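Here's the structure we're looking at; comments come further down.
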Amino acid sequence: MQPTFLSNLNEVQRQAVVNTDGPVMVLAGAGSGKTRVLTFRVAYLIYKGVDPRNILALTFTNKAAREMKERILQLIGDNNAHSVWMGTFHSVFARILKMESEKLGYPHDFSIYDTDDSKSVIKSVVRDFNFDEKIYNTGHILNRISSAKMNLIDPAAYKNDPEIQSQDKLSKKPLIWQVYQEYWNRCKRSAAMDFDDLLYNINLLLHNHPDVLEKYQNRFKYVLVDEYQDTNFAQYLIMKKLAAKSQNICVVGDDAQSIYAFRGANIENILNFGKDYPGSKVFKLEQNYRSTQRIVAAANSVIVNNQSQLHKTVWTENDGGEPISLLKAANETDEALLVANAVFHSKMTYHLKNSDFAILYRTNAQSRALEDALRKMNIAYRVYGGMSFYKRKEVKDLLAYFRLVVNPSDNEAFFRVVNYPVRGIGNTTINKLSVLAAEREQPVWKIVSEIDRIPTGFNSGTIKRLVEFKDIIVHYQEQLNSTDAYELAGKIATGSGIVKALFEDRSPEGVTRYENIESVLNGIRTFQDEYVNENEGRAPSLSDFLQMVSLFTNMDESEEEEVDRLSLMTVHSAKGLEFPYVFITGLEENLFPSSMSMSSRAEIEEERRLFYVAITRAMSKLTLSYADTRYRWGDLSFCTPSRFLEEIDSSLLDIPRKFSQSRGFQQKLPLKDKSGVQQKSYNRLQKKEVQQPTFSHPFRDDEVADVVDLVAGQKVEHARFGEGLICFIEGTGHNKKATVDFKGIGRKQLVLKFARLKILNS
DNA sequence: CTCCTCCCTTTTTTT
DNA sequence: AAGGGAGGAG
């Protein structure tokens, strides 16, 4: 017998849920109920009697995991749903690494380095090696190291890989391997893992310890992966190993929504699933339940321009919906005002909430103008991503104290707080300490804790101050086992002097910082309460809190407050979300698509998928906007409309569109250089031949058939899809729709009012 | 050692 | 536009 909740699914969805055993791939078009399938599948497994602890479900954000658990609870009312292993790759595997850390030579409470920590280590390595910091640029090196780790290449393999070496030579940085090696050593010495290490080390663990592998293969009898198109090689391999025994792997994804190639996502993972798991079942979810016909059609008309994709036809039974609007602005301020106005207007006309709206953009920097405009219109908003709470200086400082108490080997944490608040330990001392630590290949902490016993050459005043600092940390370390996380955190906040330092700063920023410290402490309390609830009364340690915080995604921040707010976020952040009203702003060449992603077809196609993701977030109304000029890098530049705008089927827009033929040109305003001479800068596209995209030319009004004249069996022509045969017609008046078989394209559902079909004589 | 100022670079997206 | 680094003064 099947549980009643399955009746809420369509046939394909149901199949994707009940085929629990053996490998399954679900190709899910945008808005086709992907999350629903995943949720129901887990619920169904539990319903069938699978122990929730035997299920591993990897989601894209921790928030998604939390929501999914709640939903499962509602579906099956089983209180054990929270013991499903569910979360992001990083958070789930950090948890496992914590349990198995000693097998890899790490302490139980290893630190997790965020990007800033990693960059800081790299920077100090480059300095210590006396490499040119301009050439050995931290960001680039971190990228190289990161992609090496994602492909399970350790420093030795990196050094011996001819292709990598020739790439590095080509970029004039032939010695990156040395930096990588030293970076690797220093992280290890600090008992720290960076984001990539979490996945690398899990692979190492499963590879080197067959008993551990078997343990987890037996534990995770069912594994599910969301957003499979965005997994990298390390993630792919982990799943492959874990599922090798049971073969009960279910991956869900959409190649058209793969937008993370820049961080190593490998689209081959989803394309090769069939080869990796012979006998796998594939389910295609193609019916979109989210968006209007126009929005689906717009998304489809954009994505067909990509050459590499799996065949999939997303369609919907929803209404045609409103036309897509296009706003043209003079500059970014003007654009923001137009958008804010449009929001205000729709809000008043249709009595909508702020939370019905989302404004999306390509880069975080674009939020500023939009925020100003929204404030002017008195529309409450919330900016996602960007500077996240846990990235603020004062918050990171406090967390660094926590880290140092929990893991004294953590050099980055040490250097961050040894002289904050100021206690007379300056650069000279810090440099000496770090040299000593490097010479002895020990954590700085080790030197400091033995400072009165080893010859260091510090004067007595410096030694005294260092010992005082050491004693502060030791004092809290002694309380780790006797004091709960919240209480200890409070003691550290005051005892370290942070609270006092911030309290004395009465400037508005100082007050905010003080409040942020309070928020961290409140956050720990909330975390502790939830943790106790979910873990049979067991209290979390400070290190549990740190682990959670360092793997926070920018979408995980809770929104407990009751204020009704519009959402502002990057398109990347919007993935997986939906909103009734969506604005996509800054649709200009060099911005969206990004100037960083225009050098190859693959890059442009990723930008196009990104635009596809953006469009498909909209449920009932989509508005696009672009500006003619925009301040970038502090100076004004002329913009041309994005090539993607031209790819949207014209008939879907509410105003005719006229773009200048000079698309692809973005010229900076002539700038005065220091000598007062006019300078010109051109971007590279200006010199290249610009390939014009193919336009679809709508028919003249007199060629288009009257809606009433169209009947089943008629041969028609569509501006975009070409020749086709009407299969049947349904609905009346405005909603009259036809299902048409197009030659070589297949069956499409069209709202006749907008389709502008021409009748062909047969 | 600390603080201040000036100058320089950097701007895609994120776990 | 904004943050980081260098260099100089106290």
Side-chain angles (χ1 to χ4, degrees), chain A residues 58-64 87-94 112-120 123 127 133-134 137-140 142-143 146 149-150 193-200 227 230-232 234-235 258-265 332 360-369 384-388 390-391 393 418-431 459 461-462 465 547-556 569-575 586 590-598 603 606-607 609-611 613-614 630-637 674:
Chain A
L58 297 163
T59 56
F60 198 60
T61 64
N62 292 304
K63 190 175 166 194
T88 61
F89 268 93
H90 289 84
S91 61
V92 166
F93 292 120
I112 297 174
Y113 274 0
D114 67 11
T115 309
D116 288 343
D117 296 317
S118 299
K119 281 187 176 164
S120 152
K123 184 162 267 178
R127 246 174 227 182
E133 287 179 55
K134 297 231 169 64
N137 148 299
T138 21
H140 182 256
L142 182 57
N143 280 340
S146 174
K149 283 186 183 170
M150 285 186 291
M193 296 191 199
D194 66 17
F195 290 137
D196 302 304
D197 284 332
L198 294 172
L199 304 177
Y200 182 95
E227 309 284 8
D230 286 328
T231 50
N232 61 36
Q235 293 168 323
S258 157
I259 55 174
Y260 282 102
F262 74 91
R263 70 170 199 218
E332 78 258 52
L360 310 181
Y361 36 79
R362 179 66 179 78
T363 67
N364 282 305
Q366 289 166 257
S367 75
R368 173 162 246 139
Y384 290 81
M387 185 61 137
S388 106
Y390 288 100
K391 287 239 162 102
K393 183 189 175 300
V418 65
N419 197 32
Y420 179 82
V422 176
R423 41 176 81 86
I425 302 171
N427 277 337
T428 322
T429 311
I430 289 173
N431 286 340
N459 65 40
T462 306
R465 288 191 286 267
Q547 185 195 310
M548 187 277 294
V549 160
S550 32
L551 299 174
F552 227 60
T553 70
N554 73 340
M555 297 309 292
D556 288 336
M569 61 180 90
T570 62
V571 181
H572 281 90
S573 304
K575 173 144 173 193
N590 291 331
L591 183 58
F592 198 172
S594 160
S595 55
M596 310 294 285
S597 308
M598 312 233 289
E603 285 177 339
E606 173 145 321
E607 293 285 309
R609 290 192 294 269
L610 194 56
F611 186 46
V613 167
R630 183 179 295 274
Y631 275 97
R632 290 183 85 186
W633 301 287
D635 43 38
L636 191 68
S637 56
K674 280 169 198 133

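The chains referred to below are lettered A, B, ... by the order of the sequence lines, with proteins before strands, and numbering in each begins at 1. Small disclaimer: the values here were computed from a predicted structure and weren't measured.
- Out of B:dT14, B:dT15, B:dT12, the shortest distance to the side chain of A:Phe195 is found at B:dT15.
- An OP1 or OP2 oxygen of B:dT13 is reached within less than 4.0 angstrom by a side-chain nitrogen or oxygen of A:Asn364.
- Annotation: side-chain hydrogen bond (donor to acceptor under 3.5 Å, both in side chains) contacts of A:Ser367 (sequence neighbours excluded): A:Glu371.
- Aromatic ring centres of A:Phe552 and A:His90 lie farther apart than the 6.0 Å criterion allows.
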What does nucleotides 1-10 of chain C look like as a protein-contact string, B for base, S for sugar-phosphate only, - for none, at under 4.0 angstrom between heavy atoms?
SS--S-----
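- Across all strands, A:Asp196 comes closer than 4.0 Å to no nucleic acid atom at all (heavy-atom distances).
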Please tabulate, one pair per line, each protein N/O and nucleotide N/O from nucleotides 1-3 of chain B that are separated by under 3.5 Å, including the distance.
unit_1	atom_1	unit_2	atom_2	d
B:dC1	OP1	A:Gly426	N	3.0
B:dC1	OP1	A:Thr429	OG1	2.8
B:dC1	OP2	A:Thr428	N	3.4
B:dC1	OP2	A:Thr428	OG1	2.4
B:dT2	OP1	A:Gly424	N	2.9
B:dT2	OP2	A:Asn419	ND2	3.2

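- For B:dT9, neither phosphate oxygen OP1 nor OP2 lies less than 4.0 angstrom from any side-chain nitrogen or oxygen of A:Asn137.
- Taking the charged nitrogens against the carboxylate oxygens, A:Lys575 and A:Glu227 do have a contact shorter than 4.0 Å, which makes a salt bridge.
- Remark: ring of A:Phe89 not stacked against base of B:dT15; the cut-offs of centroid gap under 5.5 Å and plane tilt under 30° are not jointly satisfied.
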Take A:Tyr384 and A:His572, measure what ring-ring contact (aromatic ring centres under 6.0 Å, His included) needs, and give me the verdict at the end.
CA-CA 11 Å; A:Tyr384 290 81; A:His572 281 90; over 10 Å; no
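- Ring centers of A:Phe195 and A:Phe89: at least 6.0 Å apart, outside the cut-off.
- Whole-Å rounding puts the A:Met596 CE to B:dT13 P distance at 10 Å.
- Remark: A:Leu198 CG to A:Lys149 NZ distance equals 9.5 Å, nearest 0.5 Å.
- A sub-4.0 Å separation between OP1 or OP2 of B:dT14 and a side-chain N or O of A:Ser573 is present.
- Not a single donor-acceptor contact under 3.5 angstrom links the side-chain atoms of A:Arg263 to the base of B:dT15.
- For A:Thr115 and B:dT15, the shortest distance from a side-chain N or O to OP1 or OP2 is not below 4.0 Å.
- As a whole-Å value, the separation of A:Asn143 CG from B:dT12 P is 11 Å.
- Between A:Asn364 and A:Thr570, the side chains place no donor N or O within less than 3.5 Å of an acceptor N or O (distance only, hydrogens not considered).
- The closest side-chain donor-acceptor pair between A:Thr462 and A:Asn459 falls under 3.5 angstrom.
- Classification of A:Lys123 and A:Glu133 as a salt-bridged pair fails, no side-chain N sitting under 4.0 Å from a carboxylate O.
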